[in-house]
Amino acid sequence: MPSRKKSSKNHTETSKASFVPPQEQDCYEGERLSRLLNSIQREIESARLLDGNSLPEKIWLKQQFSIGVNDVTRVLERMAPSAQGETFRQRPHSISSNCKVPSVELQVVLLASDCNPRWLTKHLPSLASSRRVPLIFVKDKKGGSLRLGELVKLKTAIAIGIKVKGNAINQLIEKSLQGNEIRQTDRHDTNNM
């Protein structure tokens with residue numbers, strides 16, 4: 001009998017070790033990462049100009065992004081979990097007072113893959129998955145957290161959630177998630193030169 005328990009325990013350990021979350025496939029690195037971050041940076045600057053400079057830059061950025069692991073976690077936890085196969089925008093909003101409709105929704109979470117210690121972000125893939133929010137891992141030789149920090153005018157940022165605001169940033173991310181944003185942006189850039 002004891003040998004049977006050992007074999008089932010070893011089987012469980014190997015299955016946990018070989019499990020790779022499906023979000024790992026959305027890992028941006030190298031030239032692909034540079035194009036995405038440069039495109040997002042351009043859209044941030046143009047959206048900021050369109051909104052006017054009435055707000056200080058840091059406050060404006062906080063309205064557009066959820067910055068940091070704690071803030072991203074808080075926003076994700078306030079979003080209602082979605083049913084299998086349905087995205088957050090497809091769910092009907094209930095009029096019941098029991099169900100809180102979040103005032104903030106995240107379109108996507110950008111997560112630096114160079115986070116150390118790993119347990120700081122270990123909960124984010126499952127939390128984002130339960131809310132049907134795509135997760136993009138940022139991997140760079142320079143450091144993903146440094147690259148994400150540059151987007152929001154900070155030294156480093158381990159996680160950034162892009163809030164749904166219906167602006168050019170959201171349109172760019174939507175195209176990126178569909179897989180055709182980077183090529184269209186490149187064609188646009190070469191036509192302008």
Side-chain angles (χ1 to χ4, degrees), residues 26-29 31-80 87-89 93 100-117 120-121 123-125 127-128 131-178 181-182 184-186 188-189 192-193:
D26 296 332
C27 184
Y28 280 66
E29 55 186 322
E31 189 62 31
R32 183 178 178 212
L33 173 64
S34 294
R35 285 190 300 234
L36 176 69
L37 294 180
N38 289 337
S39 299
I40 292 173
Q41 189 65 49
R42 275 194 305 269
E43 293 302 330
I44 289 171
E45 291 166 5
S46 66
R48 175 98 168 108
L49 290 174
L50 288 174
D51 285 349
N53 291 330
S54 60
L55 291 173
E57 188 174 32
K58 286 192 177 196
I59 294 173
W60 186 86
L61 286 170
K62 283 297 279 181
Q63 288 179 346
Q64 308 304 313
F65 301 102
S66 179
I67 303 168
V69 176
N70 289 342
D71 197 25
V72 169
T73 301
R74 180 183 54 81
V75 173
L76 285 172
E77 285 177 343
R78 290 183 181 177
M79 292 173 64
T87 63
F88 185 76
R89 287 174 222 81
H93 295 293
K100 288 193 266 182
V101 177
S103 59
V104 177
E105 301 172 20
L106 293 182
Q107 180 183 17
V108 69
V109 174
L110 303 172
L111 186 64
S113 63
D114 66 337
C115 174
N116 193 13
L120 285 174
T121 59
H123 65 287
L124 285 177
L127 187 59
R131 286 6 184 220
R132 297 281 178 228
V133 175
L135 192 67
I136 296 176
F137 287 91
V138 175
K139 188 174 185 178
D140 190 44
K141 292 176 187 173
K142 179 181 173 184
S145 58
L146 292 172
R147 297 293 300 267
L148 288 179
E150 291 171 0
L151 280 180
V152 292
K153 311 290 190 235
L154 294 172
K155 189 173 183 177
T156 63
I158 294 173
I160 296 176
I162 298 178
K163 296 178 181 178
V164 176
K165 296 283 188 180
N167 59 19
I169 301 167
N170 296 124
Q171 292 169 3
L172 174 74
I173 294 300
E174 190 64 38
K175 288 177 186 176
S176 175
L177 292 174
Q178 293 171 358
E181 157 271 332
I182 295 173
Q184 289 178 353
T185 304
D186 285 347
H188 179 70
D189 288 343
N192 288 342
M193 290 183 179

Before giving the answer on side-chain contact (heavy atoms from CB on, under 4.5 Å), spell out for Val104 and Ser66 the whole-Å C-alpha distance, their side-chain angles and the decisive distance to 0.1 Å. CA-CA 9 Å; Val104 177; Ser66 179; over 6 Å; no

Phe65 vs Ile44, test: side-chain contact (heavy atoms from CB on, under 4.5 Å). Steps then yes/no. CA-CA 10 Å; Phe65 301 102; Ile44 289 171; 3.5 Å; yes

Might you work through the side-chain contact (heavy atoms from CB on, under 4.5 Å) test for Glu43 and Ile173, ending with a clear yes or no? CA-CA 10 Å; Glu43 293 302 330; Ile173 294 300; over 6 Å; no

Would you check, one step at a time, whether the test side-chain contact (heavy atoms from CB on, under 4.5 Å) holds for Phe137 with Leu33? CA-CA 10 Å; Phe137 287 91; Leu33 173 64; over 6 Å; no

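Counting only residues at least two apart or in different chains, side chain to side chain donor-acceptor pair (under 3.5 Å) contacts with residues 146-161 comprise Asp140-Arg147, Lys142-Glu150.
The OG atom of Ser34 lies 12.5 Å from the CD atom of Gln41; values are rounded to the nearest 0.5 Å. Interatomic distance, Glu77 CD to Arg131 CZ, rounded to the nearest 0.5 Å: 7.0 Å. Annotation: the span from Leu135 atom CG to Leu127 atom CG amounts to 10.0 Å, rounded to 0.5 Å.
Atom CG of Asn70 has 12 or fewer heavy atoms from other residues, nucleotides or ligands within 6.0 Å.
Scanning all heavy atoms of the two residues, the minimum distance from Leu76 to Val133 falls at CD2-CG2, 3.9 Å. Leu36 approaches Ser176 most closely through the heavy-atom pair CD1-OG, 3.5 Å. Of all the heavy atoms in Ala112 and Leu148, the pair that sits closest is N-CD1, 3.6 Å. Looking at every heavy atom in both residues, Leu177 comes nearest to Pro134 through CD1-CG, 3.9 Å.
Contacts of Arg48 classified as salt bridge (charged side-chain N to carboxylate O under 4.0 Å, His left out), with partners at least two apart in sequence or in another chain: none.
Looking at heavy atoms from C-beta onward, Asp114 lies out of side-chain contact with Lys139 at the 4.5 angstrom threshold. Side-chain atoms of Leu120 and Pro117, non-hydrogen and from C-beta on, do get closer than 4.5 Å to each other. In this structure, the side chains of Leu111 and Val72 stay at 4.5 Å or more apart for every pair of heavy atoms.
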Using atom types as modelled, flag every donor-acceptor pair under 3.5 Å from a side chain in residues 157-171 to any protein atom, sequence neighbours excluded.
residue, atom, partner, partner atom, Å
Lys163, NZ, Lys62, O, 2.8
Lys165, NZ, Gln63, O, 3.3
Asn167, OD1, Ile169, N, 3.1
Asn167, OD1, Asn170, N, 3.1
Asn167, ND2, Gln64, OE1, 2.8
Asn170, OD1, Lys165, N, 2.8
Asn170, OD1, Gly166, N, 2.8
Asn170, OD1, Asn167, N, 3.3
Asn170, ND2, Gln107, OE1, 2.7
Asn170, ND2, Lys163, O, 2.9

